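Because the structure is predicted, anything quoted here is derived from the model rather than measured. For ligands, and for the atoms within them, numbers begin at 1 and follow the listed sequence.
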Amino acid sequence: MTAPTITEASTSQFARINAGELDLLIHYNDCGQGDETVVMLHGSGPGASGWANFNRNIEPLVAAGFRVILMDCPGWSKSDSIVCDGSRSDLNAIVLKGLLDALGIEKAHILGNSMGGHSAVAFALRYPQRVGKLVLMGGGTGGASLFTPMPTEGIKRLQGLYREPTIENLKAMMEIFVFDTGDLTEELFQARLDNMLARRDHLENFVKSLQANPKQFPDFSPRLGEINAETLVIWGRQDRFVPMDTGLRLVAGLPNSELHVFNRCGHWAQWEHADKFNRMVLDFLTH
Ligand SMILES: O=C(O)/C=C/C(=O)/C=C/C=C(\O)C(=O)O
């Protein structure tokens, strides 16, 4: 019998998360079944979502017997909006803990892209007993780069797009987002624009959050040694959003980590090099 196709609509779910003063309706996609769960956390670009970030990565993991949860962080996609004036990495970690509690999942591997990587590290620091392995891709900690002025050119364009959500600004961001822009289709631009404009409250709240606290992603470098989880760090050599030396800082600090750098790759390794990325992640999670 052929396995049913996994679609966004057929896996779409909501959970209400109450944690301290937080009371949020959170959207997630619940894909496949298995004793082990992989949570995927998306990046902070306008119009991002679990599905938009990871649609090339779900099926191989589901086929290998993992349950895959894509959580839309507060302020993105179909999740409730929020103004965050503290650490957004920690906010996402607290909400993820609430979601795992609601789903009765004791422990999960966490795969985070950019902001999702920062949030995975925040989760591992707060709830070490709830983490299996970590995959950090183009993220893991905020903080300065030794070689690249901050904010990076990519983050400046991302923030410009939040302030003025036009197709021109979207294209200006996307043209330095991936290494090979030939893979970007008009259909992809339009879907992303539609996602963004469907939730203007998210765009406005992101700008308000930056005004309240320009450093949404704290530097976890001094605390990385506390994390014992086995960690695979993956970076694009030509990442113009979160510079590659952040990956070097992560492997320097995380005692059980290794780093793979894709050449000819920007900020979206899981999409730009999906086949190899999927093989590496599966090998890492199953050995
Ligand atoms: O400022 C940072 O450290 C993090 C930036 C991001 O998380 C950017 C991510 C962008 C995407 O993944 C996207 O899909 O737009």
- [ ] Determine whether Asp239 and Met244 make a side-chain contact, defined as any pair of heavy atoms from C-beta on separated by less than 4.5 Å.
- [x] no

Open item on the list: Tell me the contacting part of Gln216 for ligand 1: side chain, backbone, both, or neither, using a 4.0 Å heavy-atom threshold, strictly below.
Closed with: neither

Open item on the list: Is there a side-chain contact between Lys133 and Leu232 in this structure, where contact means two heavy atoms from C-beta onward sitting under 4.5 Å apart?
Closed with: no

TODO: Using a strict 4.0 Å threshold on nitrogen-to-oxygen distance, state whether Arg67 and Asp30 make a salt bridge.
DONE: yes

Task: Stepwise side-chain hydrogen bond (donor to acceptor under 3.5 Å, both in side chains) test for His202 and Ser81 - done: CA-CA 6 Å; His202 288 340; Ser81 207; 2.9 Å; yes

Open item on the list: Among Glu272, Arg157, His267, Arg240, which residue satisfies the side-chain contact (heavy atoms from CB on, under 4.5 Å) criterion with Phe177?
Closed with: His267

TODO: Could you tell me how the ring of His260 sits relative to the ring of Phe262: parallel (under 30°), tilted (30 to 60°) or perpendicular (over 60°)?
DONE: perpendicular

- [ ] Would you mind running through ligand 1 and noting each atom that sits below 4.0 Å from a heavy atom of Trp268?
- [x] 12 (O), 14 (O)

Task: Carboxylate-amine/guanidinium contact Lys78 Asp72, below 4.0 Å - done: no

- [ ] Could you tell me whether Arg279 and Asp275 have a side-chain N and a carboxylate O separated by less than 4.0 Å?
- [x] no

TODO: May I have the step-by-step check of side-chain hydrogen bond (donor to acceptor under 3.5 Å, both in side chains) for Ser49 and His42, ending in yes or no?
DONE: CA-CA 6 Å; Ser49 68; His42 60 81; over 6 Å; no

Open item on the list: Suppose we measure from atom 9 (C) of ligand 1 to each protein heavy atom; which comes out shortest, and what is that distance?
Closed with: Ser44 N, 3.2 Å

Task: Which of the ligand 1 atoms, numbered from 1, are nearer than 4.0 Å to a heavy atom of Leu158 - done: 8 (C)

Task: Heavy-atom proximity to atom 2 (C) of ligand 1, best of His118, Met115, Gln159 - done: His118

Open item on the list: Counting non-hydrogen protein atoms only, what is the nearest one to atom 1 (O) of ligand 1? Give residue, atom name and distance.
Closed with: Ile155 CD1, 3.3 Å

Task: Residue, atom name and distance, where the atom is the protein heavy atom closest to atom 14 (O) of ligand 1 - done: Asn53 ND2, 3.0 Å

- [ ] Could you establish whether Arg192 and ligand 1 come within less than 4.0 Å of each other, counting only heavy atoms on the residue side?
- [x] yes

Task: Option with minimal heavy-atom separation from atom 8 (C) of ligand 1, where the choices are Ala52, Ser114, Gly43 - done: Ser114

- [ ] Tell me which protein heavy atom sits closest to atom 10 (C) of ligand 1, plus the residue, atom name and distance to 0.1 Å.
- [x] Gly45 N, 3.4 Å

Open item on the list: Taking only non-hydrogen atoms of Phe217, do any sit less than 4.0 angstrom from ligand 1?
Closed with: yes

- [ ] Report the part of Phe177 in contact with ligand 1, treating N, CA, C, O as backbone and CB onward as side chain, heavy atoms under 4.0 Å; options are side chain, backbone, both, neither.
- [x] side chain

- [ ] Output yes when the distance from some N or O of ligand 1 to some N or O of Asn113 is under 3.5 Å, and no in every other case.
- [x] yes

